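Report on the structure given below.
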Amino acid sequence: MAHPLSPLGAETRRLAAELGMEWRDSVAPESVDRGLLAKTSYQFAKANLALPLSVSGGRIVVATGRPLDTQPLDDLRLLFGLPVEAVAADPAALAETINRAYDLSAGTASEVMNEIGEEENLDSVLSGLPEDLLETSAEAPVIRLINSLLVQAVKERASDVHIEPYERELEVRFRVDGALARVVSPPKRLQALIVSRVKIMAGLDIAEKRLPQDGRIKIVIAGKEVDIRVSVVPTAHGERVALRLLDRGAALLTLDTLGMRGAVAESFKKLIRAPHGIILVCGPTGSGKTTTLYAALSRINSAEKNIITVEDPVEYQLPGVGQMPVNPKIGLTFAAGLRSILRQDPDVIMVGEIRDLETAQIAVQASLTGHLVFSTIHTNDAAGAVARLVDMGVEPFLIASSLLAALSQRLVRVLCPHCRQSASPPAEALVELGFDPALPPGARLYRPAGCPACRGAGYLGRTGVYELLPVDDDIRTLIVKNADAASVKRAAVERGFSDMRAYGLALALEGVTSLEEVARVTSDII
């Protein structure tokens with residue numbers, strides 16, 4: 001279906017009609033001839049809004065967003081040695097098609113590996129970053145290898161890229177949907193050059209190889225802005241590199257799109273509108289805690305509220321929210337940042353993580369003086385959040401007075417809708433996974449299969465599994481008595497509390513994920 005034309009697009013179509021030129025409402029990036037793209041630079045196509053599409057009847061069919069500009073058509077005629085047949089298209093839509101077509105045709109890291117020769121040296125990796133990685137004209141294979149790895153990582157939705165040195169080999173792995181998978185093994189002799197190239201991109205010291213270094217890279221791939229956090233650490237076999245990819249152009253997820261549903265969603269949406277108190281989100285690293293907090297802040301953000309955050313680091317920009325990154329090197333810790341925020345007249349505060357007693361005490365005092373405080377804490381389940389605060393040294397009566405709720409979460413992989421298959425696991429298998437073998441009548445389960453759409457993984461994307469522990473009067477009484485986490489959880493279950501495993505089982509019965517995946521991510525909370 002064609003998109004509504006922009007004013008410039010309408011003018012382009014009028015010109016095309018006057019010139020007797022064919023008009024294309026849309027051009028599918030997948031239909032563009034990759035052989036033609038390989039001979040036409042991305043810079044040329046983007047600058048001239050001219051994209052060769054196919055060869056038809058001995059002519060090169062070229063889509064143009066500038067019907068009156070014949071110079072690029074003449075250049076393509078000379079380049080290919082064939083007559084050119086021009087078709088007109090909306091300039092805005094054509095620019096997007098150019099980005100996507102070249103993105104799809106970008107060579108994989110394995111293809112670039114085949115071109116690497118023996119003559120690589122440090123001088124070959126010292127050039128700077130292009131404005132767009134697809135625009136690079138660098139001839140050095142090491143540069144093209146790193147660029148192709150980043151392009152491939154973005155294309156495959158990887159959250160992390162690991163470059164790992166071992167005694168006799170070098171390995172590159174991507175983390176996609178929470179699972180690591182090997183991508184390519186460059187020659188060991190290129191290890192120093194690859195690490196040096198990443199350091200140059202991140203503005204790090206290429207001569208320092210004994211100490212850990214952290215940096216950031218900002219790149220553009222096919223018009224999409226991507227932030228990369230870089231960590232380099234020395235190991236016995238050379239420097240190890242970890243790259244965390246953050247898509248700055250990605251739409252901020254809402255609580256609904258995160259997978260929060262049912263009673264948990266209803267209760268949580270009410271809690272985040274409380275005038276004061278603390279709401280904690282619990283879980284291990286990489287379980288989506290910060291994303292959930294961002295979604296909560298976005299839901300309550302308004303012109304009437306002053307919302308300020310202190311984070312390590314600021315991962316996504318929230319319009320209308322003041323966001324402060326911590327910097328321990330100059331003494332700007334979570335505690336120091338939180339203390340300063342309280343002088344900014346905030347209504348809502350988000351602290352990236354409660355790591356120590358000082359931060360916890362300031363957060364509690366802030367909640368008791370009329371502020372709504374969001375934060376994260378590393379515990380296995382919601383009930384464990386109370387015990388963790390007590391372990392830090394916070395008085396139980398202060399926790400009981402300030403804590404509104406603890407939300408614990410994990411991320412499970414979503415079954416690929418194109419290839420999932422029905423499954424009927426035997427009762428023994430259900431018991432082994434920790435589930436009740438007596439499933440509801442008519443229940444259907446599914447298992448992963450693997451297809452081109454999910455690259456053989458059987459899963460495509462992730463969603464959250466949650467447990468929400470609201471702190472009511474009875475729970476407060478237990479907290480004041482310094483009851484352990486198990487006692488708090490038992491009391492919550494008596495009031496209808498449902499844990500993450502039950503939440504995950506409901507997702508499996510809906511066909512969203514598999515029982516094996518639920519068991520994998522919730523095994524530590526049984």
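For clarity, every value in this text was computed on a predicted model and none was experimentally measured. Hydrogens, waters and symmetry mates play no part in the numbers below; they use all other heavy atoms, side chains included.
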_Criterion side-chain contact (heavy atoms from CB on, under 4.5 Å) on Thr292 and Thr376, from CA distance to verdict_ = CA-CA 10 Å; Thr292 297; Thr376 69; over 6 Å; no
*asked:* Testing Arg455, Arg173, Arg175 one by one against Glu156 for a salt bridge (Lys or Arg N to Asp or Glu O under 4.0 Å), which residue passes?
replied: Arg455
*Judged by atom type as modelled, is there a donor-acceptor pair below 3.5 Å linking the side chain of Asp177 to the main-chain atoms of Gly461?*
yes
*asked:* Working note: Leu415 + Glu517, criterion side-chain contact (heavy atoms from CB on, under 4.5 Å); need CA distance, chi angles, decisive distance, verdict.
replied: CA-CA 9 Å; Leu415 285 167; Glu517 185 67 6; over 6 Å; no
*Is there a donor-acceptor contact under 3.5 Å from the side chain of Tyr466 to the main chain of Gly259?*
no
*If only atom types and distance count, is the side chain of Gln409 paired as donor or acceptor with the main-chain N or O of Ser287 below 3.5 Å?*
yes
_What verdict does the salt bridge (charged side-chain N to carboxylate O under 4.0 Å, His left out) test give for Arg355 and Asp312, after you've listed the backbone C-alpha separation in whole Å, the side-chain angles of each residue and the deciding distance to 0.1 Å?_
CA-CA 12 Å; Arg355 297 175 178 171; Asp312 182 21; 3.2 Å; yes
*So, do Lys289 and His378 sit near enough that their side-chain heavy atoms are less than 4.5 Å apart?*
yes
*asked:* Let's go through Val390 and Asn482 carefully: what are the C-alpha distance in whole Å and the side-chain angles of both, what is the deciding distance for side-chain contact (heavy atoms from CB on, under 4.5 Å) to 0.1 Å, and is it a yes or a no?
replied: CA-CA 8 Å; Val390 172; Asn482 204 10; 3.7 Å; yes
*Please check if any side-chain donor atom of Thr290 sits under 3.5 Å from a side-chain acceptor atom of Glu315, or the reverse.*
no
*asked:* Please check this pair: side chain of Thr97 against backbone of Val27, looking for a donor-acceptor N/O pair closer than 3.5 Å.
replied: yes
*Evaluate the side-chain proximity of Leu280 to Ile354: yes if any heavy-atom separation is below 4.5 Å, no if none is.*
yes
*Return yes if a side-chain donor-acceptor contact under 3.5 Å exists between Tyr459 and Ser514, otherwise no.*
yes
_If you define the side chain from C-beta out and look only at heavy atoms, does anything of Leu372 sit under 4.5 Å from Leu404?_
yes
*asked:* I'd like to check Asp499 versus Thr522 (side-chain heavy atoms, cut-off strictly below 4.5 Å). Are they in contact?
replied: no
_Between Asp473 and Arg476, does the salt bridge (charged side-chain N to carboxylate O under 4.0 Å, His left out) criterion hold? Intermediate values first, please._
CA-CA 5 Å; Asp473 289 340; Arg476 286 192 184 92; 3.2 Å; yes
*Do side-chain atoms of Arg420 reach the backbone of Gly511 as a donor and acceptor pair under 3.5 angstrom?*
yes
*To the nearest 0.5 angstrom, please state how far the NE2 atom of His276 sits from the CG atom of Asp347.*
12.5 Å
*Would you mind reporting whether Arg299 and Arg273 have side-chain heavy atoms less than 4.5 Å apart?*
yes
*Check whether any side-chain heavy atom of Ile349 lies under 4.5 Å from a side-chain heavy atom of Ile308, and answer yes or no.*
no
*Do the side-chain N and O atoms of Ser422 and Arg444 include a donor-acceptor pair separated by under 3.5 angstrom?*
yes
*asked:* Assess the residue pair Asp256 and Lys269 against the criterion (salt bridge (charged side-chain N to carboxylate O under 4.0 Å, His left out)); give the C-alpha distance rounded to whole Å, side-chain angles, the decisive distance to 0.1 Å, and a yes or no.
replied: CA-CA 10 Å; Asp256 297 323; Lys269 288 172 183 176; 2.9 Å; yes
*Test item: Ile272 and Ile279 side chains (from C-beta on) under 4.5 Å apart, heavy atoms*: yes
*Determine whether the side chains of Asn301 and Ser298 contain a donor N or O and an acceptor N or O closer than 3.5 Å.*
no
*Any Leu332 side-chain heavy atom under 4.5 Å of Val310 side chain*: no
